[in-house]
Amino acid sequence: MSYDLAGKRVWVAGHRGLVGSSLVRRLAAEDCILLTPDRTQLDLQSSAAVEQWIAEHKPQAIFLAAAKVGGILANNLQRADFLYQNLRIELNVIHAAFAHGVEKLLFLGSSCIYPRDATQPIAEEALLTGPLEQTNEPYALAKIAGVKLCECYRQQYGCDFISAMPTNLYGPNDNFHPKHAHVPAALMSRFHDAKIKGLPEVAVWGTGTPRREFLFVDDLADACVFLMKNYSGPIATNVGTGEDVTIRSFAEMIRSTTGYEGELVFDASYPDGTLRKVLDVSRLTKLGWKAKTDLRDGLARTYDWYCNNYERLRAV
Ligand code: GFB
């Protein structure tokens, strides 16, 4: 049975972030009523505020895209904040959704919840079969808790709460901070600055040998809407392209996207993290959804957005 979003009050929690803002763009094509309270109207860390807001505004469906996120360094350094803040957001929103009878909720996880040494490509069944990657263990634990909350509220109370497990993402509205960002935005801003300043070389963290899969965020938003409409079940569905690249060749792609002509220098004093992380997307393919944005096209679209927003981003 499919879930119809038409006429529904739909809350995108985290609507200003990379994923949330893309969901807002995607949901504009659906005939639903979007609810997007900002931080001054609703503090997601406060259980009382979340309870009260849901009681008053009565969302029927929720996309839970709000999270404290960051790249490998931010995850590794702010370990307590990543665990504590993410657990609080999930507990508050998922429990209040149950308490107020929300019809459907989609929770956004992350591919880092899978064991560090999982067989590649990583199938959904690999969850909780081995130790986690150290650099993002706190974030992964919080996301596993969110997946399990959805699963347990389904088992015990019959709530239609589902989870999606996206691979590494990139796109408009990402965080382009040089230290805290994920690799796509971090390198894009570094190459852009080096081009403007005429610098001879750009540092790329780690050895360049790890492999990652990258999904354009608008593809993820489309997959989330697809799952919201077409999937009800306990399994957290992988969302990705099923294809990976080395960080070295990814850095080369971003160099060519930005038009920078200097050298890449690998700085192995920074961590590599997981050596390989590519998702098995056969479950989602069988359900009827496939990613459609080519990596180079997605990077070009992201770079356009970055250039158009450069002055605003620098002022923040
Ligand atoms: O994007 P990233 O931080 O995500 O790093 P993870 C991916 C790879 O890119 C690592 C290398 O091998 C990094 O060493 N890299 C090269 C860089 N240059 C840079 C740079 O300038 N910045 C960054 N950030 N990386 C995160 C997790 O891990 O993935 C999160 O920590 C989350 O919890 C996210 O799950 C999807 O894939 O290593």
Side-chain angles (χ1 to χ4, degrees), residues 17-19 65 67-83 85-87 108-116 118 120 122 127 132-147 163-171 174-194 201-217 220 236 238-241 244-255 258 260 263-279 295 299 302:
L18 172 68
V19 175
K68 178 171 177 58
V69 296
I72 191 166
L73 196 66
N75 268 267
N76 205 15
L77 295 178
Q78 301 167 40
R79 299 176 76 86
D81 296 351
F82 272 81
L83 183 54
Q85 292 182 24
N86 284 310
L87 282 173
L108 265 301
S110 163
S111 60
C112 70
I113 72 165
Y114 290 118
R116 182 194 55 218
Q120 308 285 327
I122 312 171
L127 187 61
L132 298 164
E133 157 61 28
Q134 264 306 304
T135 52
N136 59 34
E137 188 185 77
Y139 178 74
L141 284 171
K143 288 291 179 183
I144 291 171
V147 168
S163 300
M165 221 44 57
T167 194
N168 287 39
L169 301 168
Y170 67 97
D174 204 349
N175 168 11
F176 286 81
H177 189 280
K179 293 259 177 209
H180 299 160
H182 291 98
V183 64
L187 289 186
M188 204 168 269
S189 66
R190 210 173 295 146
F191 282 126
H192 183 77
D193 281 352
E201 58 184 42
V202 159
V204 179
W205 297 356
T207 60
T209 53
R211 301 183 70 91
R212 293 288 185 277
E213 173 190 15
F214 295 99
L215 180 71
F216 188 54
V217 72
L220 172 69
N238 286 344
V239 186
T241 63
D244 60 348
V245 291
T246 64
I247 292 300
R248 176 184 291 275
S249 58
F250 185 63
E252 296 283 2
M253 269 185 222
I254 297 190
R255 172 165 66 176
T258 58
Y260 174 66
E263 298 298 316
L264 309 186
V265 178
F266 289 89
D267 182 351
S269 67
Y270 283 96
D272 271 341
T274 297
L275 282 185
R276 192 171 180 213
K277 199 166 41 165
V278 58
L279 294 178
L295 183 52
L299 289 175
T302 306

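We number each residue from 1, following the sequence as shown. Basis for what follows: all heavy atoms, side chains included, without hydrogens, waters or symmetry-related copies. We count ligands from 1, going down the list as the structure has it; atoms in each ligand are counted the same way.
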Trainee: Hey, is the main chain of Ser269 close enough, under 3.5 Å, to the side chain of Asp267 for a donor-acceptor pair?
Mentor: yes

Trainee: From atom 14 (O) of ligand 1, work out which of Gly206, Gly208, Pro271 has a heavy atom at the shortest distance.
Mentor: Pro271

Trainee: Please answer whether the main-chain N or O of Leu108 pairs with a side-chain N or O of Lys143 as donor and acceptor at a distance below 3.5 Å.
Mentor: yes

Trainee: May I ask you to check if ligand 1 and Tyr139 share an N or O to N or O distance below 3.5 Å?
Mentor: no

Trainee: Mark up the atoms of ligand 1 that fall under 4.0 Å of a heavy atom belonging to Arg190, in ascending order.
Mentor: 20 (C), 21 (O)

Trainee: Against heavy atoms of Asp272, which atoms of ligand 1 measure under 4.0 Å?
Mentor: 10 (C), 12 (O), 14 (O)

Trainee: Under a 3.5 Å distance rule, please check whether Asp272 uses its side chain to pair with a backbone N or O of Thr209 as donor and acceptor.
Mentor: no

Trainee: For atom 11 (C) of ligand 1, what is the closest protein heavy atom, and at what distance to 0.1 Å?
Mentor: Trp205 O, 3.9 Å

Trainee: Run the contact test for Gly70 against ligand 1 with a 4.0 Å cut-off on heavy atoms, strictly below, and give the result.
Mentor: yes

Trainee: Taking 4.0 angstrom as the limit and counting only heavy atoms of Asn75, give me the atoms of ligand 1 inside it, by number and element.
Mentor: 27 (C), 30 (C), 31 (O), 33 (O)

Trainee: Which of the numbered atoms in ligand 1 are under 4.0 angstrom from any heavy atom belonging to Gly71?
Mentor: 3 (O), 31 (O)

Trainee: What's the separation between atom CG in Leu18 and atom CG in Asp174, rounded to the nearest 0.5 Å?
Mentor: 4.5 Å

Trainee: Which residue and atom name correspond to the protein heavy atom nearest atom 4 (O) of ligand 1, and how close is it?
Mentor: Asn168 ND2, 3.7 Å

Trainee: Quickly, which of Phe250, Tyr270, Phe266 forms a ring pair (Phe, Tyr, Trp, His ring centres under 6.0 Å) with Trp205? Name it, please.
Mentor: Tyr270

Trainee: Within the 4.0 Å heavy-atom shell around Lys277, which atoms of ligand 1 are there?
Mentor: 6 (P), 28 (O), 29 (O), 37 (O)

Trainee: Any nitrogen or oxygen of Val183, side chain or backbone, less than 3.5 Å from one on ligand 1?
Mentor: yes

Trainee: Provide the full list of salt bridge (charged side-chain N to carboxylate O under 4.0 Å, His left out) pairs with a residue in residues 206-215, sequence neighbours left out, each pair given once.
Mentor: Arg211-Asp244

Trainee: Say whether Ile72, considering both its backbone and side-chain N or O atoms, lies within less than 3.5 Å of an N or O atom on ligand 1.
Mentor: yes

Trainee: Report yes if some N/O of Pro184 lies less than 3.5 Å from some N/O of ligand 1; otherwise report no.
Mentor: no

Trainee: Report the nearest protein non-hydrogen atom to atom 8 (C) of ligand 1: residue, atom name, distance rounded to 0.1 Å.
Mentor: Ile247 CD1, 3.6 Å

Trainee: Do the side chain of Tyr260 and the main chain of Glu201 share a donor and acceptor less than 3.5 angstrom apart?
Mentor: yes

Trainee: May I ask you to list the atoms of ligand 1 that are less than 4.0 angstrom from any heavy atom of Pro210?
Mentor: 12 (O)

Trainee: Any idea which atoms of ligand 1 are less than 4.0 Å away from a heavy-atom of Cys112?
Mentor: 33 (O), 35 (O)

Trainee: How far apart are the closest heavy atoms of Pro138 and Leu83, and which atoms are they?
Mentor: O-CD1, 3.4 Å

Trainee: How far is atom 27 (C) of ligand 1 from its nearest protein heavy atom, and which residue and atom is that?
Mentor: Asn136 ND2, 3.3 Å

Trainee: With no hydrogens and no angle check, is any side-chain donor or acceptor of Asn86 less than 3.5 Å from a backbone partner on Phe82?
Mentor: yes

Trainee: Start with the C-alpha distance between Thr167 and Lys277, add both sets of side-chain angles, then the distance that settles side chain to side chain contact (heavy atoms under 4.5 Å, CB included), and finish with yes or no.
Mentor: CA-CA 8 Å; Thr167 194; Lys277 199 166 41 165; 5.6 Å; no

Trainee: Test of understanding: with side chain to side chain donor-acceptor pair (under 3.5 Å), list the residues that count as partners of Gln120, not counting sequence neighbours.
Mentor: none

Trainee: Given Ala186, Ala181, Ala67, which one has a non-hydrogen atom that is nearest to atom 24 (N) of ligand 1?
Mentor: Ala181

Trainee: Would you check if the side chain of Asn175 reaches a backbone N or O of Gly70 as a donor-acceptor pair within less than 3.5 Å?
Mentor: no

Trainee: What protein heavy atom is closest to atom 26 (C) of ligand 1, reported as residue, atom name and distance in Å?
Mentor: His182 CD2, 4.1 Å

